[in-house]
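Okay, structure first, notes after.
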Amino acid sequence: MKYLLDTHLLLWAAGQPERLSKQARRLLSDPGNELLFSAASLWEIAIKRNLGRADFKVEPRLLRRGLLDNGYRELAITSAHVLELDALPAHHKDPFDRILVAQALSEGITLLTVDPMVAKYPGPIQKV
């Protein structure tokens, strides 16, 4: 199964695995699952880190390298993903979360999230 991780799951998997739910740990450790991260998550981390957000202290270059070294695949943002945004209901205003939802819908992959607002979107989204 293919899973796209939201930004908080990526941060927790890389630096605070104790924050992951049992379900998330199970999905992330299953060698049969393909794990993806979005360029949008790195973009979000870079912006919020520069704003001094305490929960975004990780250096995005190191996170990216670590994810790639651990078998994650990077998902670039394409125009097809951006066009998918137009059809999304306004459950959530965060542009980073919205593009993750659009990517999951466009690619037909499941977005794993810890955010109950993101989980309200239709489509392949799973709250863990």
**Prompt:** Counting only N and O atoms by type, is there a donor-acceptor contact under 3.5 Å from the side chain of Q103 to the main-chain atoms of T78?
**Reply:** no

**Request:** May I have the step-by-step check of side-chain contact (heavy atoms from CB on, under 4.5 Å) for F96 and I47, ending in yes or no?
**Result:** CA-CA 11 Å; F96 299 108; I47 288 172; 3.7 Å; yes

**Asked** Cluster question for you: counting only ILVMFWY and a side-chain heavy-atom cut-off of under 4.5 Å, with indirect links fine, are L10 and M1 together?
**Response** yes

**Message:** Test of understanding: clusters of I, L, V, M, F, W, Y form through side-chain heavy atoms closer than 4.5 Å, transitively. Do L35 and L4 belong to the same one?
**Reply:** no

**Prompt:** Can L9 be reached from L68 by stepping across I, L, V, M, F, W or Y side chains whose heavy atoms are under 4.5 Å apart?
**Reply:** yes

**Message:** With rounding to the nearest 0.5 angstrom, report the CD1 to OG distance, I77 to S79.
**Reply:** 11.5 Å

**Request:** Please report the shortest heavy-atom distance between S41 and T7, naming the atom on each side.
**Result:** OG-OG1, 2.8 Å

**Prompt:** By side chain to side chain contact (heavy atoms under 4.5 Å, CB included), which residues pair with S21, not counting sequence neighbours?
**Reply:** Q23, A24, V128

**Fill in**
One should read off an interatomic distance between L100 CG and L36 CG, to the nearest 0.5 angstrom, of 11.5 Å

**Prompt:** If you round to the nearest 0.5 Å, how far is CZ of F56 from CG of N50?
**Reply:** 12.5 Å

**Message:** The criterion is side chain to side chain contact (heavy atoms under 4.5 Å, CB included); which residues satisfy it with P116, sequence neighbours excluded?
**Reply:** K127

Sequence neighbours excluded and cut-off under 3.5 Å, please list the side-chain donor-acceptor pairs for residues 106-114, or say none.
| unit_1 | atom_1 | unit_2 | atom_2 | d |
| --- | --- | --- | --- | --- |
| E107 | OE2 | H81 | NE2 | 2.7 |
| T113 | OG1 | D6 | OD2 | 2.6 |
| T113 | OG1 | D115 | N | 3.0 |

**All side-chain hydrogen bond (donor to acceptor under 3.5 Å, both in side chains) counterparts of Y72, not counting sequence neighbours** = none

**Request:** Indicate yes or no: at least one non-hydrogen side-chain atom of Y121 is less than 4.5 angstrom from one of P89.
**Result:** yes

**Fill in**
Applying salt bridge (charged side-chain N to carboxylate O under 4.0 Å, His left out) to R65 and not counting sequence neighbours gives D69

**Prompt:** Quick one: CG on L28 to CG on N70, what's the gap to the nearest 0.5 Å?
**Reply:** 11.0 Å

**Prompt:** Atom NZ in K57, atom CD1 in I45: separation rounded to 0.5 Å?
**Reply:** 14.5 Å

**Prompt:** Hey, which of I99, L105, D97 is the one that makes side chain to side chain contact (heavy atoms under 4.5 Å, CB included) with V101?
**Reply:** L105

**Prompt:** Measuring from D86:CG to E84:CD, what's the distance to the nearest 0.5 Å?
**Reply:** 9.5 Å

**Item:** Residues which pass side-chain hydrogen bond (donor to acceptor under 3.5 Å, both in side chains) with K48, listed by chain and number, not counting sequence neighbours
**Value:** E44

**Partners passing salt bridge (charged side-chain N to carboxylate O under 4.0 Å, His left out) against R53 (at least two apart in sequence or in another chain)** = D55

**Message:** Are V118 and L42 connected into the same hydrophobic cluster when the rule is that any two of I, L, V, M, F, W, Y join if their side-chain heavy atoms are below 4.5 Å apart?
**Reply:** no

**Prompt:** Taking all atoms of both residues into account, what is the closest heavy-atom pair of A90 and R98, and its distance?
**Reply:** CA-NH1, 4.0 Å

**Those residues that, when tested against R64, pass salt bridge (charged side-chain N to carboxylate O under 4.0 Å, His left out) (two or more places apart)** = E74

**Prompt:** Same cluster or not: are L51 and V58 linked, directly or through other Ile, Leu, Val, Met, Phe, Trp or Tyr residues, by side-chain heavy atoms under 4.5 angstrom apart?
**Reply:** no

**Residue list, salt bridge (charged side-chain N to carboxylate O under 4.0 Å, His left out) with D30, at least two apart or on another chain** = none

**Message:** Run the side chain to side chain contact (heavy atoms under 4.5 Å, CB included) test against Q16 and tell me which residues pass, sequence neighbours left out.
**Reply:** W12, E18, R19

**Partner set under side chain to side chain contact (heavy atoms under 4.5 Å, CB included) for L83, not counting sequence neighbours** = none

**Message:** Quick test of your reading: applying salt bridge (Lys or Arg N to Asp or Glu O under 4.0 Å), list the pairs with at least one residue in residues 34-43, sequence neighbours left out, ordered by first then second residue.
**Reply:** E34-R73

